[in-house]
Amino acid sequence: MIRLNNIEKVYRTDTVETLAINGISLDIAKGEFLSIMGPSGCGKSTLLNIMGLLDEPSKGSIKIDEQDISRFSDQKLARFRNQKLGFIFQSYHLINDLRVLDNVELPLLYRNSSAKERKLLATAALEKVGLSNRLKHFPSQLSGGQRQRVAIARAIVGNPQIILADEPTGNLDSAMGNEIMDILINLNKNEGTTIVMVTHDESMAHKTHRLVRLFDGSQVQ
Amino acid sequence: MLKNYFKIAIAVLKRRKFFTFISLFGISFTLTILMVATAFMDKVLSPDYPDYKRNRSLYVTSMEFKNSKEGWMNRSDVSYYFLDHYVSTLKTVQKIGISSSAKASNAYVNNKKLVIEYKYTNADFWNILEYKFLEGKAFQQREIDNAELVAVISEETKKDYFGDEQNVIGKYISADNINYRVIGVVSNVSKTLQNFCADMYIPYTLSKDYKSTNLMGGFGAVLLAKSEADLPKMKREYDLMIKKVPIPKDFDRLYCNADPYFASMTRRIAGDGTNDGLTKAISIISLFVLLFLLLPTINLVNINITRIMERSSEIGVRKAFGASSKTLVYQFIIENLILTFLGALIGLVLSVIVIYLINGANIVSNMRLSMNFTVLCYSLIACVFFGLLSGVYPAWRMSKLNIVKALKAQ
Ligand SMILES: Nc1ncnc2c1ncn2[C@@H]1O[C@H](COP(=O)(O)OP(=O)(O)O)[C@@H](O)[C@H]1O
Ligand SMILES: [Mg+2]
């Protein structure tokens, strides 16, 4: 499903060059639930962002769903992200000016779908994460766990084949973290969604199919 | 989609109350000034009481002698003699309305001094210009030929001089100790029409210098052509005639133009004998408007950039979930247009109030500005221009943001 081939990522600032990713190749199968672990600053987020087409690698190639995306235009990349990928971030990244329902509808705004259809799908997604009674709330009126569930609803509303989650439970206590984890496991099991998750929590990582460990930009396991 | 943009625009405006206030204030203030200025321009430029026949008229206001060797120059109004002897004989000139520049005289009402500005006119002046007579009528050729002491006065003068008297025809008005018999009262003319506004109009034969054979004097004229189509012909005949006018000694050039209304104004302000100053005047006005629009625009661009950068996380999210740069640029431009139009709405209300106040305070004597359709159209155009100008650059900058960086900034 995702094929990384010898990826390198160099960050250049005025004074230093940081080699954040140092030649990583990775094959992730369709329907796989993969977790990535490693100490802080070892390049986990960078790798995930490259997989999610949010950032470009300095070297190497990426194939998603057998398509080489290296020569995609901005517009084509946007459409690709919209249809194939869903993101979950550690700090939720909800839009505070929008209500829960509007937040979840967001990915559908960039497709051809009617307002009615959008509402239907968003409500269904919120139901899946157990938040159907909070449609009209603003993000600031929700707890951290609830916010992350809204973010998951937003990630799945467009029915993407791949979900990329960067420390989705990092800001939550273990009870809420487990809830989120359960939602992801069910998603993987029932819908066959491919999931790549960065985590700091060994117990969470052990619930997934495969664990990749990074150290200083390289894969060590 | 549009509804969604609207939703988020309103939400953002509500949340960032201070920015919203500053932006709206800047936009509405600028537009108010523009709208009032346009109303003023419109007042000056479009046919206005009593000068309704501008499209078939040319205006002769000044004459210029030059000594090109020594560099001397002499510029003044034209004489009655010049207008009567050279201009009124042109075949294409159907009628010529002659009037002098306004001269001040003193009258006394209840021991209080009243300055009365008067103009000398000929008889056709009253036939070309459509003064509205509230009482009586204009003087005719007979009164002019007899140099009768008769006067047409303005409504304002009637009120200042005669107070609340109903009927003043046949009464006498004393200016500089000369008694004129009032034979007509006309509606007030806005001071913006310098050639036509006065407190009192009297026969030109009462002036001391109308018989002088100098080319320069204290008069000006409106030349009326048979139709609009005849105007170029009249201009050509006039120009040919000017070439034959003998140039006074000490000089080697003579310029005297018959211009359309706007050109006659710009020539006086920005031009000279050879150049009607139209291009210069238009350039100056455009430059002024541009500068005037530019300052608040730059300010707004700044505010917009701050506003947008504050929302970089939102931009990152939207991009991550499938918004292309183009879509986002649209979104922000539309948001900005919504903001601009809100500002325009406020500006509109402000303009109406300001115009009402200006008219009430009579800042320029008898000038009545109005918000008409033309003014509204121009303002609307200015508004769209303003909205795009101040929205495009920030939106473009925003769309170039790197997604990961945008998401990190919070
Ligand atoms: N925009 C950037 N500019 C410069 N260096 C960066 C940037 N983003 C990340 N880095 C560096 O790249 C390395 C990997 O970062 P990251 O992928 O965020 O690590 P992790 O998510 O594993 O904590 C770190 O050393 C970090 O300092
Ligand atoms: Mg990280």
Side-chain angles (χ1 to χ4, degrees), chain A residues 9 11 20 45-50 52-56 72-99 101-115 118 138-140 151 154-158 160 164 166, chain B residues 1-20 304 306-336 338-339 395-410:
Chain A
K9 178 73 186 179
Y11 285 114
S45 296
T46 306
L47 187 66
L48 204 70
N49 290 336
I50 288 173
L53 315 181
L54 302 181
D55 213 348
E56 279 176 39
F72 274 21
S73 67
D74 175 74
Q75 205 124 9
K76 222 166 165 192
L77 270 179
R79 193 166 333 125
F80 198 85
R81 279 197 291 266
N82 183 261
Q83 286 171 353
K84 305 242 181 221
L85 306 173
F87 298 91
I88 303 167
F89 305 99
Q90 180 177 1
S91 47
Y92 328 126
H93 282 312
L94 299 177
I95 297 174
N96 292 325
D97 292 319
L98 295 179
R99 294 175 193 279
L101 191 66
D102 292 322
N103 260 294
V104 175
E105 281 185 18
L106 186 107
L108 305 177
L109 279 184
Y110 304 110
R111 300 183 178 184
N112 292 326
S113 58
S114 67
R118 285 202 299 266
F138 282 100
S140 56
R154 178 179 62 185
I156 64 175
V157 71
L164 303 169
D166 195 349
Chain B
M1 201 72 162
L2 213 60
K3 196 176 138 208
N4 249 279
Y5 289 167
F6 209 85
K7 233 188 218 169
I8 186 103
I10 298 297
V12 168
L13 294 184
K14 264 206 227 141
R15 189 168 52 108
R16 317 286 317 154
K17 287 204 177 63
F18 183 66
F19 275 142
T20 307
N304 273 333
T306 325
R307 213 159 54 91
I308 285 174
M309 293 308 153
E310 274 195 344
R311 291 165 66 192
S312 62
S313 145
E314 175 190 334
I315 292 156
V317 169
R318 285 182 186 271
K319 278 192 164 181
F321 283 100
S324 65
S325 297
K326 207 168 115 195
T327 320
L328 284 176
V329 168
Y330 281 145
Q331 180 191 338
F332 279 89
I333 288 177
I334 285 174
E335 267 191 53
N336 208 53
I338 291 172
L339 185 76
W396 177 80
R397 278 244 338 230
M398 169 278 305
S399 73
K400 291 279 164 263
L401 274 181
N402 174 288
I403 304 179
V404 177
K405 276 188 195 145
L407 281 171
K408 263 188 193 157
Q410 213 178 22

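In what follows, chains carry the letters A, B, and so on, assigned in the order in which the sequence lines appear, proteins first and then strands, with residues in each chain numbered from 1. Heavy-atom basis, side chains included; hydrogens, waters and symmetry copies ignored.
- Inspection of non-hydrogen atoms places A:Ala78, A:Arg81, A:Asn82 of residues 76-85 of chain A under 4.5 Å from chain B.
- Side-chain atoms of B:Lys319 do not come within 3.5 Å of backbone N or O of B:Leu328 as any donor-acceptor pair.
- Put simply, of A:Arg154, A:Glu105, A:Gln75, the one with the most heavy-atom pairs under 4.5 Å next to chain B is A:Arg154.
- Remark: A:Asp55 pairs with A:Lys9 by the salt bridge (Lys or Arg N to Asp or Glu O under 4.0 Å) rule, at least two apart or across chains.
- Both the backbone and the side chain of A:Leu54 come within less than 4.5 Å of a heavy atom in chain B.
- Chain B forms more heavy-atom pairs under 4.5 Å with one residue of A:Leu106, A:Thr46, A:Leu98 than with any other, namely A:Leu106.
- The structure places CE of B:Met398 at 11.0 Å from OG of B:Ser312, a figure rounded to the nearest 0.5 Å.
- Closest non-hydrogen pair, A:Leu164 versus A:Gly52, comes out as CD1-CA, 3.2 Å.
- Listed here is the closest heavy atom pair of B:Ala395 and B:Val329: O-CG2, 3.8 Å.
- B:Glu335 and B:Arg311 are joined by a salt bridge, as a carboxylate oxygen and a charged side-chain nitrogen come within less than 4.0 angstrom of each other.
- Considering CG of A:Asn49 and CG of B:Leu407, their distance stands at 7.5 Å, rounded to 0.5 Å.
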